[in-house]
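Residue numbers begin at 1 in each chain, while the letters A, B, ... track the order of the sequences.
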Amino acid sequence: MSFTIALHQRAFKFPALIFSCSFHYIRHKSIDPESFYTSLLEKSTQKTHLKQIHNQLYTHGLHENGFIITKFIHVSSNLKETEYARQVFDEFPKPYVFLWNAIIRGYSLYNMLDEVVEMYSRMQHAFVAPDAFTFPYVLKACGGLMAVRIGQAVQAQILRCGFEDDEFLRNGILSLYVKCGGNNRARVVFDGLRNKSVVSWTSIISGYAQNGQPIEALRIFREMRGSDTKPDWITLVSILKAYSDLEDLEQGRCLHSLVIKIGLEYEPDLRIALTSLYAKCGQVMAAKSLFDQMKIQNVILWNAMISGYAKNGYADKALELFHEMISRNIKPDAVTIQSSVLASAHLGSLHQAKSMDNYVNNSEFKNDVYISTALIDMYAKCGSVDLARKVFNQTLDKDVVVWSAMIVGYGLHGQGREAINLFHEMKDAKIRPNDVTFIGLITACSHSGLVDEGWDFFKSMKDYGIEPSQQHYASVVDLLGRAGYLENAYNFIKAMPFEPGVSVWGSLLSACKIYRHVILGEYAADKLFSLDPLNTGHYVQLSNLYASVHMWEGVGKVRVLMQSRGLNKDLGYSMIEINGKLEAFRIGDKSHSRFNEIYEKVEWLENRLLEYGFVVDSESSLHDLDKEDKKMSLCNHSERLAIAYGLISTDPGTTLRITKNLRACVNCHLATKLISKLVNREIVVRDLNRFHHFKDGICSCGDYW
DNA sequence: CTAGGGTTAG
């Protein structure tokens with residue numbers, strides 16, 4: 001044996017020589033051909049080696065030696081030569097179970113799941129009985145394909161073959177049900193296990209962690225810690241996911257300490273899970289620091305960081321990382337693209353949106369329905385419902401999420417009629433609406449003043465078997481409230497089947513602010529202050545309501561309340577994109593290099609507005625300023641600065657696109673309407689909640705926002 | 001030669 005090995009170490013330095021000699025050695029030195037070719041195959045690193053060996057096998061009449069051919073298929077598969085392996089398999093006269101296992105393993109290795117199932121089925125037709133090594137591949141393939149019916153047939157076959165007590169296979173079945181049979185079925189299998197290994201525990205825990213039951217996952221983890229089985233790093237990855245989903249930073253940190261304590265902190269994939277935990281819980285700095293320490297070429301690590309940035313409002317950093325990834329030749333996958341498109345949506349820059357769309361179009365993901373959905377959402381959020389529609393039209397096999405994204409997009413832009421038309425088209429296409437479809441529809445109606453239509457949609461939900469959620473109720477309150485039916489909205493809330501939450505009371509308060517209904521507004525605000533005490537938006541809304549009816553002592557009271565809770569009003573800013581570059585302006589901002597020109601333009605606008613008879617509604621909108629600032633700030637609101645800058649830096653007639661971090665104020669809204677007319681420009685403003693398209697002196701929101 | 005994990009659209 002040692003002689004054979006020594007021989008083969010030379011073999012690939014002089015492959016031609018060794019191949020020509022091999023027959024001689026086998027025949028005359030009595031070397032066992034099976035060991036000989038096994039060693040030779042194990043040294044093979046490329047297809048040409050395999051071909052040479054294959055030729056030798058034919059020459060020496062060994063091409064029907066099952067042991068060698070099994071090994072051959074195994075090695076070919078490892079070298080990613082699945083097609084070649086298949087060819088050799090097909091040439092074998094009557095393959096028996098080892099050969100079948102080898103070829104099935106090869107497909108399994110590269111996630112060619114359909115092929116795994118197909119070969120398993122062919123094996124049955126060839127009346128070859130599977131053994132205990134066949135089933136794990138097949139079960140895994142069924143799990144990956146979500147093919148629970150086939151999986152059950154496989155399970156039946158396992159019983160027929162007498163493997164029902166095989167612990168390995170039981171864990172495989174458990175994993176199958178975790179992936180596609182639901183947690184209850186998986187639980188039955190888990191409870192039936194006599195010996196629960198770390199793999200069994202991890203499977204069931206991950207099942208709950210992945211199917212939206214993190215609390216149950218953690219409960220079973222506690223149970224596990226009471227058993228003899230010690231969790232390993234893969235178990236902890238699942239637990240980290242449970243904590244991330246619960247956004248339980250405290251427990252997540254405790255687990256981080258545990259990881260360090262048991263010496264697993266340098267396990268790369270566990271560190272990735274930790275990065276993801278911090279990113280998801282809003283601890284972007286902590287995540288970035290872990291990320292920087294690793295910075296390995298692992299797409300999941302980069303995805304975790306990119307999506308973390310995107311979710312926590314660091315759209316620019318998310319996109320920066322995306323570009324860095326490309327420049328480092330780390331291949332983005334579908335998840336990377338989704339997160340980056342999401343970041344582009346948050347950024348609000350149409351220029352960036354187009355460039356992202358362009359990237360997708362030139363990539364292998366251009367027909368990925370998930371990504372198309374994200375693109376539709378992105379264009380809608382970046383102000384172009386038309387481009388969103390274009391992507392929508394080009395999307396093949398539109399599912400309910402695609403349709404819903406487009407409906408929500410129309411809603412965002414106050415195009416209620418288009419949303420309704422699309423809904424009818426969707427029904428004609430036999431796509432069943434879901435809960436989000438109705439949120440989109442009701443919101444679209446609400447933003448367009450289509451009260452009856454919106455109400456009918458809400459009522460029709462039960463016909464589709466959809467239970468209205470908190471969000472649906474909030475949309476209806478918004479629908480009724482915006483149209484002035486405040487009492488109806490309040491009665492509607494009282495009749496809700498569960499406790500109204502922040503979104504419901506928030507909708508009512510906004511409506512009360514529009515219609516200056518103090519009593520109801522105070523009531524809603526009171527609820528909000530206890531449910532969501534740290535959100536400054538609610539305080540500002542109530543303060544605005546008081547100001548609109550000249551209740552200055554109320555304004556003062558809110559200010560004191562905010563101070564006592566240590567809150568400051570969010571500073572307003574507006575961004576505008578010029579030549580693909582986003583620039584931000586704050587109230588009274590003088591830092592811009594062209595600020596002289598900008599202020600000149602602002603003053604010019606101010607004078608034109610006065611000529612036009614623009615009257616400042618001074619009480620309702622200047623809540624956040626001291627009286628002496630009022631006059632000054634009229635022309636300094638950040639939105640006005642952005643418009644002025646847009647006017648001096650673009651050609652006449654160019655659409656201006658502005659993004660604000662707060663709601664549009666009454667004065668700015670009124671002024672922007674007039675400005676759109678007097679400079680003959682379309683001005684698109686994205687505020688905190690929706691889009692306003694200003695054109696010819698009117699706004700798409702119909703003055704409801 | 002076999003079973004468990006991390007990123008994920010409206």
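The nearest whole Å value for the distance from the CH2 atom in A:Trp201 to the C1' atom in B:dG4 is 14 Å. One interatomic measurement links the two molecules: CG of A:Asn367 to P of B:dA9, which rounds to 20 Å at whole-angstrom precision. Between A:Leu321 atom CG and B:dT7 atom P the separation is 17 Å, expressed in whole Å. Remark: P of B:dT8 and CE of A:Met305 are 12 Å apart, rounded to the nearest angstrom. Separating the CG atom of A:Leu79 from the P atom of B:dC1 is a distance of 17 Å, rounded to the nearest angstrom. At whole-Å resolution of the value, CG in A:Asp397 and C1' in B:dA9 are 16 Å apart. Straight-line distance from the CZ atom of A:Arg170 to the P atom of B:dG4: 17 Å, rounded to whole Å. Look at CZ on A:Phe392: it is 12 Å from C1' on B:dG10, rounded to the nearest Å.
One donor-acceptor pair, N or O on each side, does fall under 3.5 Å between the base of B:dG4 and the side chain of A:Asp232. Remark: the A:Asn303 side chain and the B:dG6 base include no donor-acceptor N/O pair separated by less than 3.5 Å. Not a single donor-acceptor pair, N or O on each side, falls under 3.5 Å between the base of B:dG4 and the side chain of A:Ser203.
Between B:dA9 and A:Lys398, no contact under 4.0 Å exists linking OP1 or OP2 to a side-chain N or O. Remark: A:Gln210 is not in phosphate contact with B:dT8, judged by side-chain N or O atoms under 4.0 Å from OP1 or OP2. Within the structure, every side-chain polar atom (N or O) of A:Ser175 is placed at least 4.0 Å from both OP1 and OP2 of B:dA3. The phosphate of B:dA3 (OP1 or OP2) has a side-chain N or O of A:Lys140 nearer than 4.0 angstrom.
Closest approach to the A:Gln338 side chain among B:dA9, B:dG4, B:dT7 is made by B:dA9 (side chain taken as heavy atoms from C-beta onward). Of the candidates B:dT7, B:dG10, B:dG4, B:dG10 carries the atom nearest the A:Thr373 side chain, counting heavy atoms from C-beta on. The A:Asn171 side chain lies nearest to B:dA3 when the options are B:dG10, B:dA3, B:dT7. The side chain of A:Asn298 lies closest to B:dG6, out of B:dT7, B:dG6, B:dA3. In the set B:dG6, B:dC1, B:dT7, the nucleotide with an atom closest to the side chain of A:Arg105 is B:dC1. Closest contact between the side chain of A:Lys179 and the listed nucleotides B:dG10, B:dG4, B:dG6 involves B:dG4.
Remark: the backbone N or O of A:Ile73 is not paired with any side-chain donor or acceptor of A:Arg105 at under 3.5 angstrom.
When heavy atoms are screened at a 4.0 angstrom cut-off, A:Asp368 is found touching no nucleic acid atom at all. Among the heavy atoms of the strands lying under 4.0 Å from A:Leu342 are primed sugar atoms or P, OP1, OP2 only; no base atom is included. Heavy atoms of A:Val408 sit under 4.0 angstrom from primed sugar atoms or phosphate atoms, though from no base atom. Looking at heavy-atom distances under 4.0 Å, A:Glu167 makes no contact with the nucleic acid at all. In this structure, A:Val299 reaches neither bases nor backbone, as no heavy-atom distance under 4.0 Å exists between it and the strands shown. Across all strands, A:Ala209 comes closer than 4.0 Å to no nucleic acid atom at all (heavy-atom distances). Within 4.0 Å of A:Lys196, counting heavy atoms only, lies no atom of the nucleic acid at all. Within 4.0 Å (heavy atoms only), A:Lys311 reaches sugar-phosphate atoms of the nucleic acid but no base atom. As judged by a 4.0 angstrom heavy-atom cut-off over every strand, A:Asn101 is placed among the base-contacting residues. Heavy atoms of A:Trp233 sit under 4.0 angstrom from at least one base atom.
Annotation: A:Trp100 is not in aromatic contact with A:Tyr120 [ring centroid separation under 6.0 Å not met]. Between A:Trp302 and A:Phe322, the ring centre distance reaches or exceeds 6.0 Å. Checked against a 6.0 Å centroid threshold, the rings of A:Phe423 and A:Trp403 do not count as neighbours.
Under 4.0 Å is where a charged nitrogen must lie from a carboxylate oxygen, and between A:Lys196 and A:Glu223 no such pair does. Between A:Arg219 and A:Glu216 there is a salt bridge, since a side-chain N of the basic residue sits under 4.0 Å from a carboxylate O of the acidic one. Contact check on A:Asp386 versus A:Lys390 returns no salt bridge, with no Lys/Arg side-chain nitrogen under 4.0 Å from an Asp/Glu carboxylate oxygen. With respect to the salt-bridge test (charged N to carboxylate O, under 4.0 angstrom), the residues A:Glu425 and A:Lys398 do not qualify.
Taking a centre distance below 5.5 Å and an interplanar angle below 30 degrees as the stacking criterion, A:Phe133 stacks against the six-membered base ring of B:dC1. Stacking is found between A:Phe168 and the pyrimidine-like six-membered ring of the B:dA3 base under the 5.5 Å centre-distance and 30° plane-angle cut-offs. Ring-base stacking between A:Phe135 and B:dT2 is not satisfied when judged by a centre separation under 5.5 Å and a plane angle under 30°.
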